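Just so we're clear, the structure is a prediction, and the values are computed from it rather than from any experiment.
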Amino acid sequence: MRVQSSATASSPIAVTAPRERHGLGTALAALGVASFSLTFPATAWGLEGFGPWSLVAVRCVLAALVAGGCLLFLRVPLPERRHLPGLAVVAAGVVLGFPMLTTLALRTSTTAHAAVVVGLLPLTTAALSALRMGSRPSRRFWAAALAGAAAVVAFTVVQSAGALTAADGFLFAALLVCAAGYTEGGRLARVVPGWQVIAWALVLCLPLSVPAAAVALAREPVHLTAHGVVGVLWVALGSQFLGLVVWYRGMAAIGIPRASQLQLAQPLLTLVWSALLLGEHFTAAAPVTAVAVLVCIAVTQRS
């Protein structure tokens, strides 16, 4: 009887702990998505005061300085050699590739059009995760993911009048490198604290980002405005560092495929910020699409 009583008493704890961990992981991943949703509007603001190459290089340097300061203050040991290839993928995809490619695209593309890429990012991340880590999401998961991606793409294409520009090449390239960085970062975050993953990736880029910032600032005109300063600070500290800290930790807790589907809401959030901060407009289809996306997110989270 004592054994049965002990097992009965301990079972709620065993069930509750994973649920609490899943809930916290979902909340952290959602916070990362909210942070990322401001990236395109903030980049548009930053381009008001900086050239594209200056903006990318300065955001990398600022984020790396903050990340490096945290690593030194907490006396975090150097990453193990076996983690360096993964950190290099994170650095190439998330720290350098995605910011550079999207910034170049946003010189001629609206944030609404660029949101098409973000709408495809969850599906691409889930697919790369399945190939890289051998995960096998259910058919219902893939059906909901495809439906959500289709809804987001349809909405954002309508918003941009279906126009294709030269920026599309940059956007699709950004999609691939970012998905690779998310996948590898999520894998590393299972064995290394998520904030250290992005912190070390940023620090590893300093030998490239510092000279690049010096050259870009010398060649591109800089006009310091309130929008320009706020934009570069947000993309450096909010999107490049803090947003990725909570995002990788969330992915480690609930899994890369499930976390990636939360990003289905990111294009809609971006459109809201674009309307509020940049004066862009969207149609009444937004609430309908928002409901459809939320339903798809709910299905993927339960699959």
Side-chain angles (χ1 to χ4, degrees), residues 33 36-48 50-57 59-60 89 92-129 131 145-183 216 220 231 235 239-240 243 260-275 277-283 285-286 289-290 292-293 296:
V33 170
F36 299 153
S37 70
L38 275 163
T39 300
F40 287 169
T43 300
W45 271 11
L47 287 171
E48 294 182 13
F50 296 85
W53 298 101
S54 299
L55 178 60
V56 173
R59 72 181 277 182
C60 289
V89 174
V94 177
V95 176
L96 297 177
F98 187 78
M100 179 181 66
L101 292 167
T102 53
T103 299
L104 291 174
L106 286 173
R107 291 183 304 167
T108 56
S109 174
T110 65
T111 56
H113 189 77
V116 174
V117 173
V118 180
L120 295 174
L121 185 56
L123 181 60
T124 308
T125 303
L128 288 181
S129 171
L131 293 174
L146 287 169
V152 171
V153 169
F155 176 66
T156 49
V157 167
V158 169
Q159 290 301 304
S160 59
L164 295 178
T165 68
D168 289 324
F170 292 127
L171 293 173
F172 284 115
L175 166 71
L176 294 175
V177 299
C178 188
Y182 280 174
T183 299
E220 292 181 335
V235 294
S239 302
Q240 192 85 69
S260 69
Q261 297 314 298
L262 292 174
Q263 281 197 303
L264 286 168
Q266 185 174 325
L268 302 177
L269 291 174
T270 298
L271 290 170
V272 171
W273 291 123
S274 298
L277 302 177
L278 304 177
E280 294 186 4
H281 301 283
F282 51 85
T283 67
T289 308
V293 168
C296 292

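- The CG atom of D168 sits 11.0 Å away from atom CZ of F170, with the distance rounded to the nearest 0.5 Å.
- Using a 4.5 Å heavy-atom threshold, the side chains of W53 and M100 count as touching.
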**Report entry** Working for side-chain contact (heavy atoms from CB on, under 4.5 Å), residues V56 and L104
**Finding:** CA-CA 9 Å; V56 173; L104 291 174; over 6 Å; no
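- Looking at P99 and V235, their side chains never come closer than 4.5 Å, going by heavy atoms from C-beta outward.
- For the atom pair CZ (F98) and OG1 (T103), the distance works out to 9.0 Å, reported to the nearest 0.5 Å.
- Side-chain contact between T102 and T43: absent, with no pair of heavy atoms (C-beta onward) separated by less than 4.5 Å.
- A donor-acceptor pair is defined here as one N or O able to donate and one able to accept, closer than 3.5 Å; such a pair exists between the side chain of T39 and the backbone of F36.
- Taking every heavy atom of both residues into account, L128 and A180 meet most closely at CD1-N, 3.6 Å.
- Remark: the backbone N or O of T125 is not paired with any side-chain donor or acceptor of S129 at under 3.5 angstrom.
- Rounding to the nearest 0.5 angstrom, the gap separating the CG atom in L106 from the CG atom in L101 is 11.0 Å.
- When all heavy atoms of S274 and P41 are compared, the pair lying nearest together is OG-CG, 3.8 Å.
- A donor-acceptor pair under 3.5 Å is formed between the side chain of T270 and the backbone N or O of S37.
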Report task. Take W45 and L278 through the side-chain contact (heavy atoms from CB on, under 4.5 Å) test and state the conclusion after the steps. Result -> CA-CA 8 Å; W45 271 11; L278 304 177; 3.4 Å; yes
Requested in this report: Run the numbers on S54 and E220 for side-chain hydrogen bond (donor to acceptor under 3.5 Å, both in side chains), then give the verdict.
Outcome: CA-CA 7 Å; S54 299; E220 292 181 335; 2.7 Å; yes
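- T111 OG1 to F40 CZ: the interatomic distance, rounded to the nearest 0.5 Å, is 8.5 Å.
- Contact annotation: the side chain of Q240 approaches that of V95 to within less than 4.5 Å [non-hydrogen atoms, C-beta and beyond].
- Summarising the geometry of C60 relative to L96, their closest heavy-atom pair is SG-CD2, 4.1 Å, with the distance given to 0.1 Å.
- One distance of note links CG of L176 with CG of L121; it measures 9.5 Å at 0.5 Å rounding.
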